[in-house]
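The structure appears right after this line, and notes come after that.
Since the structure is predicted, the reported quantities are computational estimates derived from the model, not experimental observations.
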Amino acid sequence: MTANDLCPCGSGNPYQKCCEPYITGAEIPVTAEALMRSRYVAYSQQNNQYILDTWHSSTKPDDAKPAEDPDVQWVGLKILHTEDGGPNDDRGIVEFRARCRVKGEAGGLDESSEFVKEDGRWYYVDGFAIKPQKTAHLKVGRNDPCPCGSGKKYKKCCGKAA
């Protein structure tokens, strides 16, 4: 990524001033949401070390490589709701919608994640899938926005494989 590229976390800020300092270890996230965003970026970069380093020891898998799936391309993150998780809190919840392409097909994950702060650092503890609100199933036209949330037209995104 170049210095002017927008951060994949969807904040609208340049990567260099958003999640990169967290992922490189130059800074630590001060909120649960900032950690959530940086973990999403680490998944999009297949950066297992950062994901494991920010996973709480009580729930961290021993030998997992959570981001290693060449068939998954993460294409968008939207924060739906946060509860606590601020600089002065020691617990927080972040609900989010992460969109991806799996072998060219639109996919995603809606999750409510729990975070805890210990010794001044936020850690991911656990998450559970949340059920997205029901919407009418519509046929996606070639020139419609892609349902994966990438912001591209369907024909230039997930519709390429169709």
Side-chain angles (χ1 to χ4, degrees), residues 1-132 146-151 157-158:
M1 298 188 103
T2 67
N4 294 328
D5 286 341
L6 291 180
C7 190
C9 80
S11 67
N13 296 318
Y15 173 67
Q16 185 179 31
K17 295 184 180 195
C18 191
C19 290
E20 182 182 49
Y22 305 142
I23 291 173
T24 62
E27 297 178 22
I28 60 170
V30 295
T31 65
E33 181 179 332
L35 179 61
M36 171 62 236
R37 288 181 179 279
S38 65
R39 284 176 56 85
Y40 168 83
V41 173
Y43 271 97
S44 75
Q45 297 171 343
Q46 297 191 8
N47 182 337
N48 286 308
Q49 193 59 57
Y50 183 79
I51 294 165
L52 292 171
D53 288 348
T54 58
W55 206 316
H56 192 265
S57 60
S58 67
T59 57
K60 182 179 0 183
D62 292 331
D63 58 355
K65 295 185 179 175
E68 284 187 11
D69 190 343
D71 293 330
V72 177
Q73 179 186 10
W74 294 99
V75 295
L77 176 69
K78 181 177 181 181
I79 302 299
L80 303 174
H81 175 74
T82 60
E83 184 177 316
D84 299 325
N88 298 321
D89 296 319
D90 60 359
R91 293 201 165 284
I93 295 182
V94 180
E95 291 182 3
F96 65 91
R97 175 171 294 141
R99 293 291 162 242
C100 64
R101 286 190 298 234
V102 180
K103 295 184 179 181
E105 296 291 321
L109 170 69
D110 289 18
E111 183 176 293
S112 180
S113 294
E114 180 185 355
F115 295 86
V116 65
K117 186 164 57 171
E118 290 182 354
D119 299 322
R121 295 184 84 96
W122 283 103
Y123 294 94
Y124 168 79
V125 177
D126 202 359
F128 62 90
I130 55 175
K131 194 173 193 176
C146 190
C148 77
S150 68
C157 192
C158 293

Which value, rounded to the nearest 0.5 Å, describes the distance between Ile23 atom CD1 and Cys9 atom SG? 9.0 Å
side-chain hydrogen bond (donor to acceptor under 3.5 Å, both in side chains) with Arg121: which residues, sequence neighbours excluded? none
About how many Å separate CD of Gln45 and CD of Glu20, when rounded to the nearest 0.5 Å? 8.5 Å
First locate atom CZ of Phe128, then atom CD of Glu95, and finally report the distance between them rounded to the nearest 0.5 Å. 7.0 Å
If you take all heavy atoms of Arg99 and Gly108, which pair is closest and at what distance? NH1-CA, 3.1 Å
Show the atom names and distances, to 0.1 Å, of all donor-acceptor pairs under 3.5 Å that link a side chain in residues 70-82 to residues at least two apart or in another chain.
unit_1	atom_1	unit_2	atom_2	d
Gln73	OE1	Arg101	NE	3.3
Gln73	OE1	Arg101	NH2	2.6

In terms of heavy-atom contacts, Phe115 and Leu35 come closest through CD2-CD2, 3.7 Å
Show the numbers, then the answer: is there a side-chain contact (heavy atoms from CB on, under 4.5 Å) between Asn13 and Tyr15? CA-CA 6 Å; Asn13 296 318; Tyr15 173 67; over 6 Å; no
Give the minimum heavy-atom separation between Ala42 and Ile51, together with the two atoms involved. CB-CG1, 3.7 Å
Any pair counted as side-chain hydrogen bond (donor to acceptor under 3.5 Å, both in side chains), so long as it reaches residues 27-38, sequence neighbours left out: Glu33-Arg37, Ser38-Tyr50
Working to the nearest 0.5 Å, report the span between NZ of Lys117 and CZ of Arg91. 12.5 Å
Tell me the closest heavy-atom pair linking Ile93 and Ser112, and the distance in Å. CG2-OG, 3.3 Å
Could you work out, with side-chain hydrogen bond (donor to acceptor under 3.5 Å, both in side chains) as the rule, every residue matching Tyr43, not counting sequence neighbours? none
Do the non-hydrogen side-chain atoms of Leu109 and Cys100 ever get within less than 4.5 Å of each other? no
What I want to find out is whether Arg97 reaches Asp110 closely enough, with some N-O distance under 4.0 Å, to be called a salt bridge. yes
For Asp89, enumerate each residue passing the side-chain contact (heavy atoms from CB on, under 4.5 Å) test, keeping only those at least two apart in sequence or located in another chain. Asp84, Trp122
Do any pairs count as a side-chain hydrogen bond (donor to acceptor under 3.5 Å, both in side chains) and have a residue in residues 51-60, sequence neighbours left out, and if so which ones? Arg39-Thr54, Gln49-Asp53, Trp55-Thr59, His56-Ser58, His56-Glu118
